[in-house]
**Student:** 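My questions will all concern the structure given below.
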Amino acid sequence: QLQPVESGGDSVQAGGSLRLSCVVHGENYNKWLRYSFAWFRQFPEKGREGVAVITADDTVSYAESVKGRFTISQDKRTMTAFLEMNKLKSEDAGIYYCAARWGVLLTLETTDYKYWGQGTQVTVSS
């Protein structure tokens, strides 16, 4: 069973930066190379929204609200996905989730992902 584990959430001031990490447990390296990873976020009393996705072949896509500020990447040697967040705004605050799916699919739909982490909290103060 694939298990993403997020870390890096913190409390920062508006305009600041954070780097989230997602280590994926439960899969060997060769199979890990075939997965796509995405970051989602959830606000209080709202559903999860897609933030960024990186496919197994390193194609990326972002939500309009974070383009130019967030960068998704992956380190295949350590089987870790990252979300670099810059110029953070108060509206970026929420719980950030890492999700994984088998295969190459550039999608930010929650239903396209089978494996989910427990989330990491990002707080942005103005």
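Values below: every heavy atom of this structure, side chains too, minus hydrogens, waters and symmetry copies.
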**Student:** Measuring only between side-chain heavy atoms, which start at C-beta, is Gln74 closer than 4.5 Å to Asp58?
**Tutor:** yes
**Student:** Is it the case that one hydrophobic cluster holds both Leu106 and Phe70, taking links as side-chain heavy atoms less than 4.5 Å apart, direct or via other members?
**Tutor:** no
**Student:** Taking only residues two or more places apart in sequence, or in another chain, which ones meet Lys46 in a side chain to side chain donor-acceptor pair (under 3.5 Å)?
**Tutor:** none
**Student:** In residues 79-88, what donor-acceptor pairs under 3.5 Å come from side-chain atoms, sequence neighbours left out?
**Tutor:**
from: Thr80; atom 1: OG1; to: Thr78; atom 2: O; distance (Å): 3.1
from: Thr80; atom 1: OG1; to: Thr78; atom 2: OG1; distance (Å): 3.1
from: Asn86; atom 1: OD1; to: Ser17; atom 2: OG; distance (Å): 2.8

**Student:** Show the nearest heavy-atom pair for residues Ala14 and Ser126, with the distance to one decimal.
**Tutor:** CB-CA, 4.2 Å
**Student:** Should we say atom CD of Glu109 is surrounded by more than 12 heavy atoms from elsewhere, each under 6.0 Å from it?
**Tutor:** no
**Student:** Please assess Ile72 against Trp39 for the test side-chain contact (heavy atoms from CB on, under 4.5 Å), listing each intermediate value before the final yes or no.
**Tutor:** CA-CA 8 Å; Ile72 189 170; Trp39 289 93; 3.6 Å; yes
**Student:** Name all residues meeting the side-chain contact (heavy atoms from CB on, under 4.5 Å) criterion together with Ser7; count only those two or more places apart in sequence or in a different chain, and write none if there are none.
**Tutor:** Ser21
**Student:** First locate atom OH of Tyr35, then atom OG1 of Thr55, and finally report the distance between them rounded to the nearest 0.5 Å.
**Tutor:** 15.0 Å
**Student:** Measure the CZ-CD distance between Phe43 and Glu49 for me, rounded to the nearest 0.5 Å.
**Tutor:** 4.0 Å
**Student:** Parallel, tilted or perpendicular, judged at 30° and 60°: which one describes the rings of Trp116 and Phe40?
**Tutor:** tilted
**Student:** Which residue pairs satisfy the disulfide (SG to SG under 2.5 Å) criterion with at least one member in residues 28-65, sequence neighbours excluded?
**Tutor:** none
**Student:** For Thr59, give me all partners under side chain to side chain donor-acceptor pair (under 3.5 Å), at least two apart in sequence or on another chain.
**Tutor:** Asp57
**Student:** Do the non-hydrogen side-chain atoms of Tyr62 and Leu108 ever get within less than 4.5 Å of each other?
**Tutor:** no
**Student:** Just wondering, are more than 12 heavy atoms of other shown residues or ligands nearer than 6.0 Å to CD in Gln3?
**Tutor:** yes
**Student:** Going by atom types only, do Arg101 and Tyr113 share a side-chain donor-acceptor pair under 3.5 Å?
**Tutor:** no
**Student:** Look up atom OH in Tyr97 and atom CD in Glu6, then write down how far apart they are to the nearest 0.5 Å.
**Tutor:** 8.0 Å
**Student:** Quick one: side chain to side chain donor-acceptor pair (under 3.5 Å) partners of Ser61, sequence neighbours excluded?
**Tutor:** none
**Student:** Using every non-hydrogen atom in the two residues, find where Ala63 and Gly50 come nearest and quote the distance to one decimal.
**Tutor:** CB-O, 3.4 Å
**Student:** Quick check on the hydrophobic clustering: are Tyr115 and Ile54 connected, directly or via other members, by side-chain heavy-atom contacts under 4.5 Å?
**Tutor:** yes
**Student:** With rounding to the nearest 0.5 angstrom, report the CG to OG1 distance, Asp92 to Thr123.
**Tutor:** 11.5 Å
**Student:** Working to the nearest 0.5 Å, report the span between OG of Ser11 and CG of Leu18.
**Tutor:** 8.5 Å
**Student:** With the 4.5 Å side-chain cut-off for hydrophobic clustering, are Val60 and Phe37 part of the same group?
**Tutor:** yes
**Student:** Consider only side-chain heavy atoms of I, L, V, M, F, W and Y, link residues closer than 4.5 Å, and tell whether Trp102 and Leu105 are in one cluster.
**Tutor:** no
**Student:** Taking all atoms of both residues into account, what is the closest heavy-atom pair of Val122 and Gly9, and its distance?
**Tutor:** CG2-CA, 4.3 Å
**Student:** Would you mind reporting whether Val66 and Arg41 have side-chain heavy atoms less than 4.5 Å apart?
**Tutor:** yes
**Student:** Write down the atom of Ser36, the atom of Gly103, and the distance for their closest heavy-atom approach.
**Tutor:** OG-O, 2.5 Å
